[in-house]
Student: 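Structure below; questions to follow.
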Amino acid sequence: MYQGLQEQYSWVRYKDDLEETQEMRAEWDKMSEVLQFLSIDQATKEVFEDVIEAHETYGIAYLKVIRNLAGEVIGVEFIDNIPSVQKTAPLSPYVEVEYEMSGKTAKRQKKFCKYRQ
């Protein structure tokens with residue numbers, strides 16, 4: 001059963017590739033149980049794919065998180081596009097934007113979009 005769950009949730013991984021401990025196994029089992037029943041309407045991965053797609057399309061996305069009385073997450077639901085918010089196509093011209101990463105500065109060309117409600 002453990003192997004089957006691991007294949008089903010192959011998109012979830014530990015950050016570091018370490019030797020598995022009992023603590024890691026218990027954490028994986030709890031995570032698998034939560035993910036398995038997180039969304040009844042569709043696969044959990046599909047819920048998050050819908051959220052990402054909506055955010056990229058409309059510039060805004062909604063995910064309803066359902067908790068029990070103990071405050072534990074027991075479910076999520078994707079909330080469809082709110083038709084009052086619209087995103088324009090990327091505007092011309094490109095704008096030069098300055099980024100700072102690891103103490104270094106880089107300049108990139110970027111187009112921006114407008115959102116209207």
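The residues of the chain are indexed from 1 along the displayed sequence.
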Student: Is it true that Val73 and Phe48 fall in one hydrophobic cluster, defined by side-chain heavy atoms closer than 4.5 Å?
Tutor: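 They do share one cluster, since a chain of ILVMFWY contacts under 4.5 Å joins Val73 to Phe48.
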
Student: Go through it in stages, so that I can follow the logic: the residues are Lys110 and Val95, the test is side chain to side chain contact (heavy atoms under 4.5 Å, CB included), and I'd like the CA-CA distance, side-chain angles, deciding distance and then a yes or no.
Tutor: CA-CA 5 Å; Lys110 185 175 180 177; Val95 177; 5.7 Å; no

Student: Looking at every non-hydrogen atom in both residues, tell me the closest pair between Phe78 and Tyr62 and how far apart they are.
Tutor: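 That closest heavy-atom pairing would be CD1-O, 3.6 Å.
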
Student: Might you confirm whether atom NZ of Lys114 has over 12 heavy atoms from other residues, nucleotides or ligands at distances under 6.0 Å?
Tutor: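 Count not over threshold, so no.
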
Student: Measuring from atom CD1 of Ile79 to atom CG of Asp50, what distance do you get when rounded to the nearest 0.5 angstrom?
Tutor: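 The CD1 atom of Ile79 sits 12.5 Å away from the CG atom of Asp50.
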
Student: How close do Ser39 and Val47 get, counting heavy atoms only, and between which atoms?
Tutor: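 Looking at all heavy atoms of both residues, the shortest contact is OG-CG2, 3.6 Å.
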
Student: Tell me whether the count of non-hydrogen atoms from other residues, nucleotides or ligands lying under 6.0 Å of CD in Gln22 goes above 12.
Tutor: no

Student: Find the distance between CD (Gln109) and CD (Glu96) and round it off to the nearest 0.5 Å.
Tutor: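 Going from CD on Gln109 over to CD on Glu96, the span is 5.5 Å.
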
Student: What do the steps show when you test Ile66 against Glu77 for side chain to side chain contact (heavy atoms under 4.5 Å, CB included), and what is the final call?
Tutor: CA-CA 8 Å; Ile66 304 163; Glu77 291 179 11; 3.6 Å; yes

Student: Would you give the length of the straight line joining atom CG of Leu91 to atom CZ of Phe112, rounded to the nearest 0.5 angstrom?
Tutor: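 The CG atom of Leu91 sits 10.0 Å away from the CZ atom of Phe112.
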
Student: Checking side-chain contact (heavy atoms from CB on, under 4.5 Å) against Ile74, which of Leu38, Val65, Asn68 comes through?
Tutor: Asn68

Student: Working note: His55 + Ile52, criterion side chain to side chain contact (heavy atoms under 4.5 Å, CB included); need CA distance, chi angles, decisive distance, verdict.
Tutor: CA-CA 5 Å; His55 186 266; Ile52 291 167; 5.8 Å; no

Student: Within the supplied structure, the quantity of interest is the number of heavy atoms (other residues, nucleotides, ligands) at a distance under 6.0 Å from Gln42 CD; does it exceed 12?
Tutor: yes

